Amino acid sequence: MLKIYNSLTRQKQQFVPIEPGRVRMYVCGVTVYDFCHLGHARFLLVFDMVTRWLRASDYQVTYVRNITDIDDKIIRRAAENNETIRELTDRFVAHLDEDAAALGLLAPDHQPRATDYIGDMVSMITTLERNGYAYVAANRDVCYSVRKFAGYGKLSGKSIEDLRAGERVDVMEGKHDPLDFVLWKQSKDIDPVEARWSSPWGAGRPGWHIECSAMSSKLLGNHFDIHGGGADLQFPHHENEIAQSEGAHAGAFVNVWMHNGFVRVDDEKMSKSLGNFFTIREVLAQYDAEVVRFFILRAHYRSPINYSDVHLDDARQALSRLYICLKAVPATSETGTSGPLSIDWNSPHAQRFRAAMDDDFNTPEAIAVLFDLAAEINRGGAAELAQVLRALGATLALLQRDPQVFLQATPVTVDGLSAQGIEAQIAARAAAKKSRDFVESDRIRDTLKAVGVLLEDTPQGTTWRRA
RNA sequence: GGCGGGGUAGCAAAGUGGUUAUGCAGCGGCCUGCAAAGCCGUCUAGAUCGGUUCGAUUCCGAUCCCCGCCUCCA
């Protein structure tokens with residue numbers, strides 16, 4: 001039985017889908033005005049893992065991940081670059097898709113762009129106005145009246161009285177309450193035409209929060225199972241979504257709220273505003289995508305993780321152990337990369353693995369099972385165990401490659417020898433060994449080692465891998 | 001100031017009221033021409049101070065420290 005930590009109730013709860021066998025999940029995506037960084041990679045990989053595990057658990061999942069393609073930063077960046085908003089956002093949507101593919105992510109079932117749903121947002125704001133939650137402020141912006149919504153603060157555990165809106169940032173003039181947030185922003189003369197849509201309140205553009213309420217209800221219905229995102233979205237973004245969606249539609253909005261922890265650098269949150277970020281492509285230039293996935297999944301999704309080369313190197317070493325184990329097992333027809341392997345969930349390792357994953361997606365524990373399995377295989381366990389290892393790895397999108405390919409993959413930053421060059425050296429060494437010229441054979445091995453190529457003599461001959 | 005999450009061995013990271021987490025690194029051994037890989041063995045834990053308990057890293061309280069949210073942020 002799957003249990004998930006629900007941010008709304010602050011406890012792990014048994015997961016019960018609204019519709020048996022089906023899961024509808026909405027995850028807040030990215031604002032497209034710059035390259036994605038490792039923090040984005042984390043939420044992308046975490047909810048990719050969640051989707052895969054739900055599917056492995058025989059749920060039919062509808063996964064929606066949105067794209068925010070209109071906001072202040074986008075408008076500003078487009079102006080700085082002297083390009084249209086659409087040019088800017090199209091480019092970064094394309095980059096996002098490239099990064100997602102490079103990370104080996106499943107495509108979401110829907111990837112809605114906010115600007116394609118302006119009409120739905122307008123009608124939702126109209127409903128909120130009719131229901132008495134929205135008002136037109138003195139500056140003509142349409143705002144949400146937070147105090148009218150009884151449940152405000154239930155997700156973030158904050159009480160309206162304790163919030164200190166305006167303490168750090170000036171409060172917009174004309175709001176009835178400093179905590180009220182904008183639903184519809186009135187256009188100003190300096191705003192580009194591209195950022196204006198007509199509405200009952202005049203030309204303008206939507207506030208940030210309304211897009212997720214409008215798009216989720218459009219694509220998943222007014223009430224759905226899981227809503228996810230980074231922990232920094234819990235307040236105010238997700239709190240405001242609840243206020244909007246439950247204010248517009250009577251009844252519950254989301255059953256389970258999931259929030260992933262941050263990626264840190266030197267114990268500080270990695271973020272665009274702090275400027276301490278590494279883009280996904282920068283990291284992938286140095287590390288294999290599977291190593292990055294392994295690094296992320298090695299920690300529980302709610303825990304913070306620190307990014308550093310040392311940790312990525314460590315992850316690579318650890319993952320290599322699993323691949324080395326698989327390499328030593330003779331491949332059968334089933335070990336090919338084609339098609340998912342079936343899993344015997346009654347086997348002891350699979351049971352442990354599933355128990356871990358069902359316990360709020362405890363991937364560190366699940367991965368520990370993988371290592372126990374590898375140890376057993378290395379000890380001379382049955383060859384079928386290698387199938388189990390691969391099949392369980394598959395549910396995390398790990399261990400699906402030819403071990404040789406993984407172990408010999410060249411980091412882009414290394415201008416090492418070609419495979420052919422290495423094979424030639426190995427042949428030369430074999431000849432030296434045959435004539436028992438160990439000085440020469442060791443010299444060759446040391447030379448290769450110096451450029452990061454490790455040789456291993458096995459009964460089947462010499463193999464190599466990258467250090 | 002309010003709210004929330006943490007402090008586990010050299011590093012990373014889980015579970016757990018009593019029995020080996022796991023990985024990387026280290027040390028000893030086996031294997032090897034020598035290595036590597038692997039196997040066997042092994043050393044470094046649970047911020048501090050109290051309490052509950054036959055027994056606490058695990059429960060309770062206090063203290064110290066770190067991080068996050070309260071502003072755009074995954």
Side-chain angles (χ1 to χ4, degrees), chain A residues 7 10 27-31 33 36-47 65 68 71-73 153 156-159 161-171 179 208 228-237 239 259-264 267-274 277 294-295 298-300 302-306 308 310-322 324-325 327-328 352 355-356 359 362-372 374-375 377-380 407 433 436-439 441-442 445-446 449 454-459 462-465 467:
Chain A
S7 303
R10 264 144 282 189
V27 174
C28 287
V30 301
T31 302
Y33 69 99
C36 289
H37 56 64
L38 247 212
H40 299 109
R42 185 172 195 192
F43 96 81
L44 290 167
L45 285 164
V46 162
F47 288 101
R65 195 181 69 218
T68 300
D71 89 326
D72 289 351
K73 288 188 295 287
S156 53
K158 298 179 191 301
S159 78
E161 311 311 324
D162 291 338
L163 289 165
R164 294 188 172 195
E167 172 148 312
R168 291 190 289 166
V169 165
D170 287 344
V171 173
L179 290 167
W208 174 39
D232 46 2
L233 297 182
Q234 188 169 354
F235 190 91
H237 183 56
E239 195 70 64
H259 294 98
N260 65 275
F262 301 125
V263 175
R264 299 172 176 176
D267 287 319
E268 258 191 340
K269 175 184 171 185
M270 178 184 289
S271 73
K272 287 184 193 173
S273 36
L274 285 173
F277 60 88
F294 184 84
F295 165 69
R298 242 180 141 187
H300 185 82
R302 286 190 281 116
S303 303
I305 48 175
N306 267 299
S308 79
V310 176
H311 299 150
L312 267 292
D313 289 339
D314 184 86
R316 185 179 176 282
Q317 284 303 114
L319 184 56
S320 292
R321 175 171 162 84
L322 296 177
I324 287 168
C325 166
K327 189 181 82 166
R352 277 215 289 146
D359 183 14
N362 192 337
T363 51
E365 184 76 33
I367 287 172
V369 175
L370 262 30
F371 281 100
D372 287 345
I377 293 165
N378 286 335
R379 246 178 260 130
L407 294 167
K433 276 181 68 174
R436 303 198 66 79
D437 183 356
F438 295 121
V439 174
S441 70
D442 289 353
R445 188 173 61 200
D446 291 344
K449 190 177 178 185
L454 301 180
L455 298 191
E456 294 171 8
D457 294 333
T458 75
T462 300
T463 63
W464 64 276
R465 65 187 169 95

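The sequence lines fix the lettering, A, B, ..., with proteins before strands; numbering per chain opens at 1. On a predicted model such as this, the values are computed, not experimentally measured, just so you know.
Comparing B:rC70, B:rA74, B:rG33 by their nearest atom to the side chain of A:Pro236 picks out B:rC70. Checked against B:rU22, B:rA14, B:rA36, the side chain of A:Phe371 finds its nearest nucleotide in B:rU22. With distances taken from any side-chain atom of A:Glu365 to the nucleotides B:rA36, B:rC40, B:rA14, the minimum falls on B:rA14. In the set B:rA14, B:rG33, B:rA37, the nucleotide with an atom closest to the side chain of A:Glu456 is B:rA37. Nearest to the side chain of A:Asp457, among B:rA74, B:rA21, B:rG33, sits B:rG33. The side chain of A:Phe43 lies closest to B:rA74, out of B:rA14, B:rA74, B:rA12. Side-chain atoms of A:Val30 lie closest to B:rA74 of the nucleotides B:rC11, B:rA37, B:rA74. Ranking B:rG33, B:rA25, B:rC11 by closeness to the A:Gln317 side chain, first place goes to B:rA25.
If you check every strand for non-hydrogen atoms under 4.0 Å, A:Gly157 touches sugar and phosphate atoms only. Residue contacts for A:Ala375: at a heavy-atom cut-off of 4.0 Å it reaches the sugar-phosphate backbone alone, with no base atom in range. Among the atoms of the strands shown, none is found under 4.0 Å from any heavy atom of A:Asn306. Heavy atoms of A:Ser156 sit under 4.0 angstrom from primed sugar atoms or phosphate atoms, though from no base atom.
Atom-to-atom, CD of A:Gln234 to C1' of B:rG68 comes out at 10 Å; the value is rounded to the nearest Å. One atom, CG of A:Asn362, and another, C1' of B:rA21, lie 11 Å apart when rounded to the nearest Å. Rounded to whole Å, the distance from CG on A:Asp314 to P on B:rA13 is 10 Å. Put simply, CG on A:Asp267 is 12 Å from P on B:rC11, counting in whole angstrom units. Atom-to-atom, CG of A:Leu322 to C1' of B:rG38 comes out at 14 Å; the value is rounded to the nearest Å. The separation between A:Glu239 atom CD and B:rG4 atom C1' is 13 Å, rounded to whole Å. Following rounding to the nearest Å, A:Asn378 (CG) and B:rG23 (P) show an atom-to-atom distance of 10 Å. Per the geometry, NE2 belonging to A:His237 stands 10 Å off P belonging to B:rA74, to the nearest Å.
Distance check on atom C1': B:rU53 versus B:rC60 gives 12 Å, rounded to whole Å. Across the C1' atoms, B:rC39 and B:rU32 are found 13 Å apart, a figure rounded to whole Å. Spacing between B:rG28 and B:rU22 at atom C1', rounded to whole Å, works out to 22 Å. B:rU58 and B:rG50 are spaced 14 Å apart, taking the P atom of each and rounding to whole Å. The separation of B:rC65 from B:rC30, taken at their C1' atoms, amounts to 46 Å, rounded to a whole angstrom. Only the P atoms considered, B:rA56 is 15 Å distant from B:rU48, to the nearest whole Å. Nucleotides B:rG4 and B:rU52, compared at atom P, are 28 Å apart to the nearest Å. The gap from the P atom of B:rU8 to that of B:rC66 amounts to 14 Å, rounded to the nearest Å.
Applying the 3.5 Å distance criterion, the base of B:rC34 shares a donor-acceptor pair with the side chain of A:Arg445. Put simply, the side chain of A:Asp442 and the base of B:rG33 share a donor and an acceptor less than 3.5 Å apart. No hydrogens or angles were tested; on distance alone, a donor-acceptor pair under 3.5 Å links the side chain of A:Lys158 to the base of B:rC69.
When the side-chain nitrogen and oxygen atoms of A:Arg298 are compared with OP1 and OP2 of B:rA13, none of them lie within a distance under 4.0 Å. OP1 and OP2 of B:rG2 both lie 4.0 Å or more from every side-chain N or O belonging to A:Ser159. Between A:Arg302 and B:rG68 there is no side-chain polar atom (N or O) within less than 4.0 angstrom of OP1 or OP2. In terms of phosphate contacts, A:Arg65 brings no side-chain nitrogen or oxygen within less than 4.0 Å of OP1 or OP2 of B:rA74. The phosphate of B:rA74 (OP1 or OP2) has a side-chain N or O of A:Lys272 nearer than 4.0 angstrom.
Positionally, the nearest nucleotide of RNA chain B for A:Lys449 lies more toward the 5' end than for the other of A:Lys449 and A:Lys269. Map A:Ile305 and A:Arg10 each onto its nearest nucleotide of RNA chain B; the residue landing nearer the 5' end is A:Arg10.
In A:Arg436, the CZ atom is not crowded: 12 or fewer heavy atoms of neighbouring residues, nucleotides or ligands sit closer than 6.0 Å.
Between A:Arg316 and A:Asp313, no side-chain nitrogen of the basic residue sits less than 4.0 Å from a carboxylate oxygen of the acidic one, so the salt-bridge criterion is not met.
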Inset, instruction - Evaluate the side chain to side chain contact (heavy atoms under 4.5 Å, CB included) criterion for residues A:Leu322 and A:Phe371: first the C-alpha distance (whole Å), next the side-chain angles of each, then the deciding distance (0.1 Å), finally the verdict. - result: CA-CA 7 Å; A:Leu322 296 177; A:Phe371 281 100; 3.7 Å; yes

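By the 5.5 angstrom centroid cut-off and the 30-degree plane limit, A:Phe438 is classified as stacked against the base of B:rG33.
Between A:Trp464 and A:Leu407 the shortest side-chain heavy-atom distance does not fall below 4.5 Å.
A:His300 and A:Ser303 form no side-chain donor-acceptor contact under 3.5 Å, judged by distance and modelled atom types alone.
The cationic atom of A:Lys272 (NZ for Lys, CZ for Arg) lies less than 6.0 Å from the six-membered ring centre of A:Tyr33 and within 45° of the ring axis.
Remark: side-chain polar atoms of A:Asn362 are paired, donor with acceptor, to backbone N or O of A:Glu365 under 3.5 angstrom.
Taking the six-membered ring where tryptophan is involved, the planes of A:His40 and A:Phe43 are perpendicular, since the angle between them exceeds 60° and thus also 30°.
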